[in-house]
Amino acid sequence: MPETPVIYVLNGPNLNLLGVREPEIYGYETLADVQALCEQAAEDAKIVFHQSNHEGQLIDWVQEARTQASAVVLNPAGYGHTSVALLDALKSLSIPIVECHLSNPAARERFRHKTYVSLVATGVVSGFGAHSYELAVKAALKLIRERAATAARSSKA
Ligand code: CA2
């Protein structure tokens with residue numbers, strides 16, 4: 001684990017439109033507002049925050065997180081419901097993955113009820129708008145600290 005914990009917060013397609021369209025579903029905060037909330041929630045950890053509309057770019061960042069991050073918070077957006085390739089990339093990680101959604105996909109159309117990401121996520125936060133990200137970053141921090149404590153205990157034993 002890097003000395004300063006690093007949390008990758010990755011955002012999938014169309015989330016660059018946040019706060020601009022469909023505020024009744026996704027809220028009025030922009031993606032820049034969401035980034036600021038994540039940075040506030042991160043305490044001593046560093047946030048690396050990215051958004052892309054391209055599947056391959058998201059996969060490249062997941063692969064980068066293998067060596068650069070202590071945890072990943074991921075809102076895969078539409079790719080969560082479709083991308084086996086993103087799932088395969090996530091499977092290569094041995095750090096916590098927190099899946100995050102602004103809306104509650106389980107309360108929406110049937111095709112949103114399942115994501116591939118959930119198969120490998122440690123946990124999922126959904127339905128709280130931009131606050132979902134704060135909760136997800138807090139959850140990631142807790143998981144990072146628990147892992148560090150476990151590693152310290154086993155190195156003493
Ligand atoms: O609730 C979420 O965070 C979602 O991941 C958002 C995805 C959707 O496909 C998932 O089922 C649930 C859609 C992201 C689209 O973002 C927009 C934001 C503003 C305006 C239009 C789209």
Side-chain angles (χ1 to χ4, degrees), residues 5-43 45-66 68-146:
V6 176
I7 302 175
Y8 270 40
V9 181
L10 302 179
N11 296 279
N14 299 306
L15 287 165
N16 53 311
L17 298 175
L18 213 55
V20 179
R21 289 188 33 218
E22 300 186 62
E24 65 288 353
I25 302 177
Y26 299 117
Y28 287 93
E29 285 92 349
T30 64
L31 201 59
D33 295 332
V34 168
Q35 179 170 359
L37 288 172
C38 289
E39 281 161 0
Q40 277 161 32
E43 300 176 27
K46 179 182 169 199
I47 296 290
V48 173
F49 194 94
H50 292 304
Q51 185 276 331
S52 179
N53 295 328
H54 303 280
E55 191 175 14
Q57 176 63 81
L58 291 162
I59 289 168
D60 285 345
W61 286 327
V62 168
Q63 289 188 10
E64 190 181 284
R66 283 182 65 225
Q68 302 301 314
S70 314
V72 170
V73 170
L74 172 62
N75 184 347
Y79 286 143
H81 310 299
T82 63
S83 179
V84 174
L86 186 57
L87 170 64
D88 288 341
L90 291 165
K91 279 185 172 170
S92 74
L93 298 181
S94 52
I95 53 175
I97 299 164
V98 182
E99 184 178 354
C100 174
H101 297 279
L102 296 148
S103 67
N104 176 4
R108 300 179 64 191
E109 304 97 318
R110 205 175 175 80
F111 65 85
R112 296 187 201 275
H113 291 186
K114 288 202 168 166
T115 73
Y116 287 106
V117 175
S118 297
L119 295 171
V120 290
T122 310
V124 185
V125 182
S126 56
F128 299 104
H131 186 47
S132 289
Y133 282 78
E134 292 180 275
L135 296 170
V137 167
K138 290 286 180 202
L141 263 184
K142 186 165 188 290
L143 291 164
I144 290 166
R145 287 172 182 158
E146 283 170 0

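Ligands are counted one by one from 1 in listed order, and the atoms in each one are counted from 1 as well. What you see is a predicted model; the values in this text were computed from it and never measured.
- A salt bridge between Glu134 and Lys138 is absent, with no side-chain N of the basic residue lying under 4.0 Å from a carboxylate O of the acidic one.
- Of the protein's non-hydrogen atoms, Arg21 O, 3.1 Å is the one closest to atom 20 (C) of ligand 1.
- Distance alone, capped at 3.5 Å, places no donor-acceptor pair between the Asn104 side chain and the Ser126 backbone.
- Other residues, nucleotides and ligands contribute over 12 non-hydrogen atoms within 6.0 Å of the NE2 atom of His113.
- With hydrogens and angles disregarded, a donor-acceptor distance shorter than 3.5 Å links the side chain of His81 to the backbone of Lys114.
- Between the Ser132 side chain and the His101 main chain, a donor and an acceptor come within less than 3.5 Å of each other.
- Between Tyr8 and His50, the ring planes are perpendicular. Angles over 60° get that label, and only those under 30° would be called parallel.
- Polar contact check, Ser103 against ligand 1: a nitrogen or oxygen pair lies under 3.5 Å apart.
- Using a 4.0 Å cut-off to heavy atoms of Gly78, the atoms of ligand 1 that qualify are 9 (O).
- In summary, the atoms of ligand 1 found under 4.0 Å from a heavy atom of His81, numbered by their order in the structure, are 10 (C), 11 (O).
- Close contacts of ligand 1 with Leu17, meaning ligand atoms under 4.0 Å from a residue heavy atom, involve 19 (C), 20 (C).
- For Asn11 and Tyr133, the side-chain atoms include at least one donor-acceptor pair closer than 3.5 Å.
- Panel note: side chain Glu99, backbone Gly123; no donor-acceptor pair is recorded below 3.5 Å.
- Below 4.0 Å from some heavy atom of Asn14 lie the following atoms of ligand 1, by number and element: 15 (C), 16 (O), 17 (C), 18 (C), 22 (C).
- If you check which protein heavy atom lies closest to atom 21 (C) of ligand 1, you get Glu22 OE2, 3.5 Å.
- Among protein heavy atoms, atom 6 (C) of ligand 1 sits closest to Tyr26 CE2, 3.6 Å.
- The number of heavy atoms from other shown groups lying within 6.0 Å of CZ (Arg66) does not exceed 12.
- Looking at Leu102 next to ligand 1, an N or O pair under 3.5 Å apart turns up.
- The heavy atom nearest to atom 4 (C) of ligand 1, out of those in Glu109, His101, Arg108, His113, is found in His101.
- When non-hydrogen atoms are compared, ligand 1 lies under 4.0 Å from the side chain of Asn75 (C-beta onward) but not from its backbone.
- Considering both main-chain and side-chain atoms, Arg112 comes within under 3.5 Å of ligand 1 through a nitrogen or oxygen pair.
- Atom numbering of ligand 1 starts at 1 in the shown order; those under 4.0 Å from a heavy atom of Ala77 are 5 (O), 7 (C), 9 (O), 14 (C).
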